[in-house]
Amino acid sequence: LEDGGAGEVSDPVEPNEPEEPQLQWSQSLALSNLGVTLEPFEKVNGNMQGYAYSSERRVAISPIAAFPAKTLFHELAHCELHGDVTDGFVCGDELSRAIKEVEAESVAYICCASLQLPGLEYSRGYIQHWLAGAGSRDVLKKSAGRIFSAADRILKAGFPQPEKATAKEKEAAEAQA
């Protein structure tokens with residue numbers, strides 16, 4: 001460590017180490033990639049943080065939501081898991097409300113933890129509350145894969161994806177090397 005003067009200590013600088021750019025998760029990119037519309041919040045229930053019209057792939061987040069990003073992830077999870085068209089998943093009508101809420105909030109928890117966003121304590125309490133009415137562990141075991149898959153899709157949707165090279169482009173790049 002070097003003395004930076006006036007009693008301050010500065011960190012040593014490693015020469016020739018390129019800084020990796022920090023990628024930020026993009027809400028607008030995720031909404032576009034997932035085919036979900038964010039609309040104005042119109043409910044009058046002051047306790048409601050957000051809502052989703054899953055089958056229509058529309059969500060709304062309260063302007064006074066305690067954790068808006070967590071709430072967005074929760075509502076996106078409802079769209080991914082509980083709409084009419086659920087890409088190979090069990091359609092939402094076949095699941096209890098408790099299971100749907102456990103799934104959606106678990107997705108929100110994973111997304112927030114992955115992006116180091118606040119709200120995890122609240123999320124744990126919400127999940128525990130709904131677990132009490134979720135039923136058998138067998139049903140919940142089936143939800144685990146759905147939860148991780150939905151969280152993965154939502155997270156990936158918010159990051160720019162590298163362009164995939166065509167076979168011809170790969171051949172041309174190899175020929176030049």
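This is a predicted model, so every value here is computed, not measured.
Scanning both residues, Ala98 and Gly133, for their nearest heavy atoms gives CB-O, 3.3 Å. The nearest pair of heavy atoms linking Cys112 to Pro118 is SG-O, 4.1 Å. Across Ala77 and Ile154, no two heavy atoms sit closer than the pair N-CD1, 3.7 Å. When all heavy atoms of Cys79 and Ala52 are compared, the pair lying nearest together is SG-CB, 4.2 Å. Between Ala134 and Ile99 the shortest heavy-atom distance is O-CD1, 3.3 Å.
To the nearest 0.5 angstrom, Arg124 atom CZ is 5.0 Å from Glu121 atom CD. Note that CZ of Phe73 is 4.0 Å distant from CH2 of Trp25, once rounded to the nearest 0.5 Å. The structure places CD1 of Ile127 at 4.0 Å from OG of Ser123, a figure rounded to the nearest 0.5 Å. Atom-to-atom distance recorded for Glu39:CD and Arg58:CZ is 4.0 Å, nearest 0.5 angstrom. Interatomic distance, Arg146 CZ to Leu95 CG, rounded to the nearest 0.5 Å: 5.0 Å. In this structure, CG in Leu72 is found 6.5 Å from CG in Leu38, a value given to the nearest 0.5 Å.
Ile61 places none of its side-chain heavy atoms less than 4.5 Å from the side chain of Gln49. With contacts defined as side-chain heavy-atom distances shorter than 4.5 Å, the pair Ser62/Thr71 does not qualify. Counting only heavy atoms from C-beta outward, the side chains of Leu115 and Leu155 approach each other to under 4.5 Å. Leu34 is listed as a side-chain neighbour of Glu80, based on a closest heavy-atom distance under 4.5 Å.
Cluster membership for Val59 and Leu117, using ILVMFWY side-chain heavy atoms within less than 4.5 angstrom, is shared.
Glu101 and His74 share a side-chain donor-acceptor pair at under 3.5 Å.
Screening residues 63-72 for salt bridge (charged side-chain N to carboxylate O under 4.0 Å, His left out) gives Lys70-Glu105 as the qualifying pairs, with residues at least two apart or on separate chains. The stretch residues 29-52 participates, sequence neighbours left out, in these ring-ring contact (aromatic ring centres under 6.0 Å, His included) pairs: Phe41-Tyr51, Tyr51-Tyr53.
Shown here is Phe159, whose CZ atom has more than 12 heavy atoms of other residues, nucleotides or ligands within 6.0 Å. The number of heavy atoms from other shown groups lying within 6.0 Å of CD (Gln161) is above 12.
A donor-acceptor pair is defined here as one N or O able to donate and one able to accept, closer than 3.5 Å; such a pair exists between the side chain of Ser106 and the backbone of Val102. Between the side chain of Ser114 and the backbone N or O of Ile110, at least one donor-acceptor pair lies under 3.5 Å.
Scored by the salt bridge (Lys or Arg N to Asp or Glu O under 4.0 Å) test, Lys156 finds Asp152 as partners (sequence neighbours excluded).
Between Tyr126 and Trp130, the ring planes lie tilted relative to each other; the angle falls in the 30° to 60° range.
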